[in-house]
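Below is one structure, written out as structure tokens; comments come after it.
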Amino acid sequence: MAVLAPAPLRAQIEHHGTTICIRIPRPRYSWVVVLLSSCWLGFWVMAGSQALGLTGEKELLEGGKPLVVFWAVLWVYGALMVAYRIGWLLLGTETIEVTPATFRSRRSFGPVGWWREYALADVLRLRASEKGPPGTNLEIGVTPRILFDYGAKSVKLGHGVDLAEAHQLVEEICRSYPRLSTRSARD
């Protein structure tokens, strides 16, 4: 019987002087979520189109009934959020960048995404988490595994990495910035 080889790190780690850049590819095991979300989006678009057809585009364009306009805005927002989620699950990347002054993260697919920047001096208790923190139930099948405290909030990163990979990524960051692993609010 052959001995299995250890799984390689999926994330790409680059060091540029004192800056660490980690690129995490899309989550694994997301095909079921993509399939269900795609079906849901298809039915959502068909049902919404039918509903708009029944109420009439004229009412919507002329600002006739406020409830119809409000419903249409929510309907489009829901469709865009699910389309973004499907795009992220298929083509997404998460980038974590740590410099001497900042801790930045970006979830994106293609050019769509945005940076979130945190002052490194205020980043506390960088860690890998076995369970996702509360409030991640909307991330079906994609649990954030890397966390740090920032003020009174836990920032969640590393969506879709395994726990072992999250530990390796945290160790790599803490190798260059050792105070991140041990520093707590009491320090």
Side-chain angles (χ1 to χ4, degrees), residues 7-34 37 77-187:
L9 195 65
R10 290 179 345 117
Q12 298 173 354
I13 302 170
E14 299 172 3
H15 292 270
H16 304 284
T18 57
T19 300
I20 300 171
C21 185
I22 300 172
R23 285 187 184 77
I24 302 170
R26 71 164 182 80
R28 280 191 278 207
Y29 315 114
S30 60
W31 295 105
V32 172
V33 176
V34 169
S37 297
Y77 176 77
L80 290 174
M81 292 308 295
V82 172
Y84 173 81
R85 177 157 173 72
I86 292 169
W88 184 74
L89 287 171
L90 289 173
L91 306 169
T93 59
E94 184 170 5
T95 304
I96 298 171
E97 190 176 278
V98 185
T99 70
T102 61
F103 196 114
R104 297 178 0 138
S105 69
R106 182 174 196 253
R107 266 178 80 182
S108 62
F109 74 96
V112 179
W114 53 91
W115 284 98
R116 292 189 177 167
E117 191 166 313
Y118 309 92
L120 191 65
D122 296 324
V123 172
L124 305 172
R125 291 185 352 110
L126 179 66
R127 63 201 179 275
S129 174
E130 192 169 326
K131 299 189 322 186
T136 58
N137 56 352
L138 294 177
E139 296 288 339
I140 299 168
V142 184
T143 303
R145 297 284 186 193
I146 301 172
L147 292 104
F148 64 81
D149 297 337
Y150 195 72
K153 180 181 179 185
S154 291
V155 177
K156 308 163 199 107
L157 306 168
H159 294 77
V161 297
D162 292 331
L163 181 59
E165 186 172 13
H167 279 292
Q168 291 178 21
L169 296 175
V170 167
E171 286 173 11
E172 185 68 30
I173 294 170
C174 290
R175 203 171 287 133
S176 295
Y177 297 94
R179 70 169 185 78
L180 292 179
S181 64
T182 58
R183 199 166 161 231
S184 70
R186 294 182 297 267
D187 293 343

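Quick note: numbers below take in every heavy atom, side chains included, and nothing from hydrogens, waters or symmetry partners. Keep in mind that what you see is a predicted model, and the values were worked out from it rather than measured.
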Got a second to check how far Leu120's CG is from Leu126's CG, nearest 0.5 Å? 9.5 Å
Does the side chain of Phe148 come within less than 4.5 Å of Tyr118's, by heavy atoms? yes
Which atoms form the tightest heavy-atom contact between Leu163 and Ala128, and what is the distance? CD1-CB, 4.3 Å
Ser37 side, atom OG; Tyr84 side, atom OH - distance, nearest 0.5 Å: 13.5 Å
Could you tell me the separation between the CD1 atom of Ile146 and the NE2 atom of His167, rounded to the nearest 0.5 Å? 10.0 Å
Which residues pass the salt bridge (Lys or Arg N to Asp or Glu O under 4.0 Å) test with Arg23, sequence neighbours left out? Glu14
Start with the C-alpha gap between His159 and Arg107, add the side-chain angles, then the distance that decides, and say whether side chain to side chain contact (heavy atoms under 4.5 Å, CB included) holds. CA-CA 9 Å; His159 294 77; Arg107 266 178 80 182; 3.4 Å; yes
Apply the test side chain to side chain contact (heavy atoms under 4.5 Å, CB included) to residues Leu124 and Tyr150: give CA-CA distance (whole Å), side-chain angles for both, the deciding distance (0.1 Å), then the verdict. CA-CA 6 Å; Leu124 305 172; Tyr150 195 72; over 6 Å; no
So, Arg127 and Asp149, do they make that salt bridge, N to O below 4.0 Å? yes
State, with a plain yes or no, whether a side-chain heavy atom of Thr95 is found less than 4.5 Å away from one of Cys21. yes
Are Glu171 and Leu169 packed together at the side-chain level, in the sense that at least one heavy-atom pair is separated by less than 4.5 angstrom? no
For the student: nearest non-hydrogen atoms of Val123 and Arg179, plus distance: O-NH1, 3.9 Å
Would you say that Glu165 contacts Arg10 through its side chain, given a criterion of any heavy-atom pair below 4.5 Å between the two side chains? yes
Does the side chain to side chain contact (heavy atoms under 4.5 Å, CB included) test come out yes or no for Arg85 and Val33, once each step is laid out? CA-CA 10 Å; Arg85 177 157 173 72; Val33 176; 3.8 Å; yes
With Arg104, which residues qualify under salt bridge (Lys or Arg N to Asp or Glu O under 4.0 Å), at least two apart? Glu97, Glu117
So which heavy atom on Ala166 is nearest to which on Arg145, and how close? CB-CB, 3.6 Å
Drop me the distance from Leu180's CG to Ile173's CD1, to the nearest 0.5 angstrom. 7.5 Å
Distance (rounded to the nearest 0.5 Å) between Glu172 CD and Arg175 CZ: 4.5 Å
Determine the sole option in Leu157, Ile96, Thr93 for which the side chain to side chain contact (heavy atoms under 4.5 Å, CB included) test with Ile24 is passed. Ile96
Measure the shortest side-chain to side-chain distance between Lys156 and Ser129 over non-hydrogen atoms and say whether it is less than 4.5 angstrom. no
Taking the side chain as every heavy atom from C-beta outward, state whether Leu9 and Gln168 have any pair of such atoms under 4.5 Å apart. yes
Do you know the tightest heavy-atom contact between Pro100 and Thr18? CG-OG1, 3.3 Å
Would you sort out whether Glu94 and Ser108 count as a side chain to side chain contact (heavy atoms under 4.5 Å, CB included), showing the intermediate values? CA-CA 6 Å; Glu94 184 170 5; Ser108 62; over 6 Å; no
Look only at the side chain of Thr99 and the backbone of Thr102, and say whether a donor-acceptor pair between them is shorter than 3.5 Å. yes
How long is the span from the CD1 atom in Ile22 to the OG atom in Ser105, to the nearest 0.5 Å? 11.5 Å
Are side-chain heavy atoms of Leu90 and Phe109 found at a separation under 4.5 Å? no
